[in-house]
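Just so it is clear: chains get the letters A, B, ... in the order the sequence lines come, proteins before strands, and each one is counted from 1.
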Amino acid sequence: MAKSFWLIKSEPDVFSFEDLANCPGKTEPWDGIRNYQARNYMRDEMKRGDLALFYHSNAGPESGAVGVAAVASGGARPDPSQWDSKSKYYDAKAPKDEPRWLMVDFKWKAAFKRLVSLKEMKETPELDDMLVVKRGQRLSIQPVELKHFRAVCEMGGLSPSALKKLGV
DNA sequence: GCCAACGTTGGC
DNA sequence: GCCAACGTTGGC
């Protein structure tokens, strides 16, 4: 099946792209997603090998896309933090036998040579209908069209050979 | 730190 | 099932 493309948001103060690079195997379970639409994307559409723009949110002028990560798990699986009463992601209403929240693993793939800021994305006509540049768009996992994915990667300074290596 | 946007909750 | 209240996100 063809790859799908995504944008995943993280606050760099909480978990940055650099943090992902420093994880064992450069891979980390993407837990704590507590939004049904985002969950449904993970459940229904994300698959191993899909690529995501890693987006730093809530970071002032540094808000923007910083690199590329890949889905490293075979589809979504239950997010254990929903059952952990000590976790900030604990959900008392999540039945033990029927997980309400899911997660996938993301693996660090490639860092941009430079930040592609939200401001810059908004100023790029080619990206006009990309979700992330739209007002009030808060989804932490968003689908991205291939043309937008490629355009952002190019703005970030990834070379054609780097893109080819990623399979874009 | 402000506040608009917007998803979720819960009373009715 | 409506919708006001509330909480969170995230740009600015």
May I have the distance from [X] (atom [atom1]) to [N] (atom [atom2]), rounded to whole angstrom?
X: A/Gln137; N: C/dT8; atom1: CD; atom2: C1'; value: 14 Å
X: A/Gln37; N: B/dT8; atom1: CD; atom2: C1'; value: 14 Å
X: A/Lys122; N: C/dG10; atom1: NZ; atom2: C1'; value: 10 Å
X: A/Tyr89; N: C/dT8; atom1: OH; atom2: C1'; value: 13 Å
X: A/Leu139; N: C/dT8; atom1: CG; atom2: C1'; value: 13 Å
X: A/Asn58; N: C/dG10; atom1: CG; atom2: C1'; value: 5 Å
X: A/Glu62; N: C/dC12; atom1: CD; atom2: P; value: 14 Å
X: A/Met121; N: C/dG11; atom1: CE; atom2: C1'; value: 13 Å

Should the pair A/Arg34-A/Asp79 be classified as a salt bridge under the 4.0 Å nitrogen-to-oxygen rule?
yes
Would you say A/Phe54 and A/Ile33 are hydrophobically clustered, going by side-chain heavy atoms of ILVMFWY under 4.5 Å?
yes
OP1, OP2 of [N] versus side-chain N and O of [X]: anything below 4.0 Å?
X: A/Lys93; N: B/dG10; answer: yes
X: A/Lys9; N: C/dG10; answer: yes
X: A/Tyr55; N: C/dG11; answer: yes

What nucleotide among C/dG10, B/dG7, C/dC12 has an atom nearest to a side-chain atom of A/Leu118?
C/dC12
Flag if over 12 foreign heavy atoms under 6.0 Å of CD, A/Glu98
no
Is the count of non-hydrogen atoms from other residues, nucleotides or ligands lying under 6.0 Å from A/Glu18 atom CD greater than 12?
no
